[in-house]
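First up is the structure itself, then whatever we jot down about it.
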Amino acid sequence: MATTTRAERPARAGRRGAVAAGTTLLVLLTASPALQAQAWRFEPAVKVTAVATDNVGLSSTQEQSDVVVVTTPSVRVQGRGPRYEVTGALAADAVQYLGRSRGDRLFPQTTLDLRSQPVERLFFLDAQASARTTTSDPFGDLGDGPTVLNRSRVLRGSLSPRLERELSPTTRFSLRSDHAWSRGFGSQTAPSSNDAYVEGQAGLYELKPLPMGLRLSYDRQMTRYKSQPDNELEFRTARAALLYSPDPELTLGLTVGRDEGRYTTNTLRDTLRGVSLRWVPSERTRLEMQAERRFFGNGWDATLSHRSPFVAINARVQRSVSTYASRLGVLSAGTDVAGLLDAMLTTRVPDPNQRSQLVQDIIAQRGLPDSLSSAIDLYSGGAQVTQGGTLGLAWMGPRNVLTSQVYALRTRDLRGPDDVLLVSADSRQRGASVGLSHRLTPQLSAEAAVTFARVRGEGSNLGRNTRNLGWRIGATQALSLRTSATAGLRFQTVHSDTPGGLTSDGTRFAANSSKAEATSLSVGVLHRF
């Protein structure tokens, strides 16, 4: 009889889990006649962009010009029914280098989400499948153009069943189990070192404050990397919160509990204590805050969202403990421009399907980006403390659309006295992006955008720094309701520093600093069927 070693089990379990998640999603989408009977919306599109650049690899020593053609077929999927909702986009960038300076590449950008309610008001099932292309080396070239080769692909599937029920008008409970499988290709580490399985369980019992209330919760998260089969990273938190609501708009809370972290060779336990606040002065504005003393020190999380017919704001500051795999793709996805526009149009266009179509029309006709730049996911095989914040803003007037975001993030590996991490995430990131689209005529818009990003290494990464600055000006001409043409001029400069040190034979090498620049001219056509 064949036997399975302990090191082989996580890898096989991860493959089985990914197949199971994908199979479950497909079965739920295709097998049920009830689902097939409902209305679905498919919005196919294709975009072709030609880019002529004088430095295709953003090299500081060997500049090489080329013409790059990027073909992006895509399909937006949307389906709604009494007990389910499916949203997503299937897309990929096919990059072809006409001068053969590089090999042709295919970069996927696909996400498919399912939210369902198989048993009404009791059993819920969420699932997601995604294939994303992200920046592979945080200290390398950063940018969003086809001339940047610093790319890696990540496949991820997740399945989240939960039981949730309102026992009375003032009482509810929830039990949830999360499972996620991820696999990376072409990362800054070994090709399979960040393949991972993340598992989580959560339970909640809440008595709504009228004006006094109670919330009992338990959370557990476990991360296992394929390259570290004997090292499970685990966090457990139990909380009891006393709630007080002096009026329907405001809820205050006092929290006590027990907090535990188990990572590499360490197990830390501590008493948890904290405060919370929830303020909802209107359906357009929401503020939620939580501050706690935990096993890794002070932790906090505060979010603010506000919308009006002309402005949408999303802000968040946080300090928390997590793992690279558990937040995979969240940072690199950036702030969703479509979400900001959707928030502004909620009052004017109540129907979600019509609003979604209008948002896509505005993005295509105004030459807006799909997302705003944000911090980068940094890999290390241990537990990480992340601290930082983001502020995203969009403003839309009769002829102008302004989008902007600023962010700052510090990532620090949690290490014990005997821990050795081969790859460290210790760093500070900060950046900003501002874009303006101005409608010159009903069919013609002009755009301008500036982006800045900086990554500074700390700890074992001290001396590794990268600074990116880029600007773009362009124009978008609406040829028809479904077709638009774009043209743009883009400039990018990258400064990189690497520290000195010793080679394996004891020879010392000096620190290095380099600068690379690239100018590109692009033309493209987008057609939505």
Side-chain angles (χ1 to χ4, degrees), residues 160-165 167 170-180 196-209 212-225 228 230-245 251-278 288-303 316-327 330 380-388 410-419 425:
S160 300
R162 76 180 189 276
L163 295 173
E164 187 173 305
R165 186 81 173 190
L167 303 177
T170 60
T171 308
R172 70 184 181 98
F173 84 94
S174 174
L175 297 173
R176 183 183 183 100
S177 181
D178 299 318
H179 306 268
Y197 167 66
V198 180
E199 175 185 297
Q201 287 82 37
L204 172 70
Y205 173 84
E206 184 177 62
L207 179 64
K208 296 181 181 179
M212 301 299 295
L214 178 69
R215 181 189 297 122
L216 304 176
S217 64
Y218 173 79
D219 297 278
R220 171 186 174 269
Q221 184 188 91
M222 185 276 296
T223 301
R224 183 192 301 123
Y225 289 100
Q228 307 173 42
D230 298 323
N231 177 31
E232 293 183 351
L233 309 168
E234 188 175 27
F235 310 117
R236 299 173 182 261
T237 306
R239 295 180 174 89
L242 181 64
L243 306 176
Y244 173 63
S245 182
T251 301
L252 306 174
L254 290 176
T255 305
V256 295
R258 193 67 176 169
D259 200 22
E260 178 182 335
R262 183 165 60 87
Y263 53 93
T264 54
T265 61
N266 304 275
T267 299
L268 299 179
R269 299 179 179 89
D270 200 355
T271 300
L272 181 147
R273 50 199 181 276
V275 295
S276 63
L277 177 148
R278 180 177 180 269
E288 296 188 66
M289 303 174 63
Q290 178 177 282
E292 296 175 330
R293 180 66 181 178
R294 301 188 57 186
F295 75 88
F296 60 89
N298 293 325
W300 60 78
D301 193 347
T303 60
R316 183 179 185 183
V317 293
Q318 59 84 32
R319 187 176 192 267
S320 62
V321 64
S322 61
T323 62
Y324 166 84
S326 66
R327 62 176 191 277
V330 176
S380 71
Q384 302 172 351
V385 174
T386 57
Q387 174 180 331
R410 182 184 183 186
T411 305
R412 178 174 61 87
D413 290 311
L414 285 178
R415 295 185 179 89
D418 300 324
D419 292 345

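All values below come from the heavy atoms of this structure, side chains included, with hydrogens, waters and symmetry mates left out.
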Can Val385 and Leu414 be said to form a side-chain contact (heavy atoms from CB on, under 4.5 Å), step by step?
CA-CA 7 Å; Val385 174; Leu414 285 178; 3.7 Å; yes
Separation between [atom1] of [X] and [atom2] of [Y], rounded to the nearest 0.5 Å:
X: Ser174; Y: Arg165; atom1: OG; atom2: CZ; answer: 13.0 Å
X: Leu204; Y: Arg172; atom1: CG; atom2: CZ; answer: 5.0 Å
X: Asp270; Y: Thr237; atom1: CG; atom2: OG1; answer: 11.0 Å
X: Asp413; Y: Tyr263; atom1: CG; atom2: OH; answer: 10.5 Å
X: Leu277; Y: Glu288; atom1: CG; atom2: CD; answer: 9.0 Å
X: Glu206; Y: Ser217; atom1: CD; atom2: OG; answer: 9.5 Å

Of the non-hydrogen atoms in [X] and [Y], which two are nearest, and what is the gap between them?
X: Ala325; Y: Thr223; value: CB-CG2, 3.9 Å
X: Tyr218; Y: Arg236; value: OH-NH1, 2.9 Å
X: Gly253; Y: Leu243; value: CA-CD2, 4.1 Å
X: Thr255; Y: Ala241; value: OG1-CB, 3.7 Å
X: Gly382; Y: Thr323; value: O-CG2, 4.2 Å
X: Phe235; Y: Gly261; value: CD2-CA, 4.1 Å

For Gln387, what residues pass the side-chain contact (heavy atoms from CB on, under 4.5 Å) criterion, not counting sequence neighbours?
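With neighbours one apart ignored, the set is Trp300, Arg319.
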For Arg262, which residues count as a side-chain contact (heavy atoms from CB on, under 4.5 Å) partner, sequence neighbours excluded?
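Per chain and number, Arg262 pairs via side-chain contact (heavy atoms from CB on, under 4.5 Å) with Glu232, Glu234, Thr267.
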May I ask you to decide if Leu272's main-chain N or O and Asp259's side chain share a donor-acceptor pair within less than 3.5 Å?
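No; zero donor-acceptor contacts below 3.5 Å.
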Would you say Met289 has more than 12 foreign heavy atoms packed within less than 6.0 Å of its CE?
no
Can you tell if the side chain of [X] reaches within under 4.5 Å of the side chain of [Y], non-hydrogen atoms only?
X: Leu233; Y: Gln221; result: no
X: Thr386; Y: Arg327; result: yes
X: Thr271; Y: Val256; result: no
X: Arg215; Y: Arg239; result: no

Inspect the contact between Arg220 and Glu199 and indicate whether a charged nitrogen and a carboxylate oxygen are less than 4.0 angstrom apart.
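The answer is yes: the pair qualifies as a salt bridge.
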Check Asp301 with Arg316, please: is the shortest side-chain N to carboxylate O separation under 4.0 Å?
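Looking at Arg316 and Asp301, the cut-off is met.
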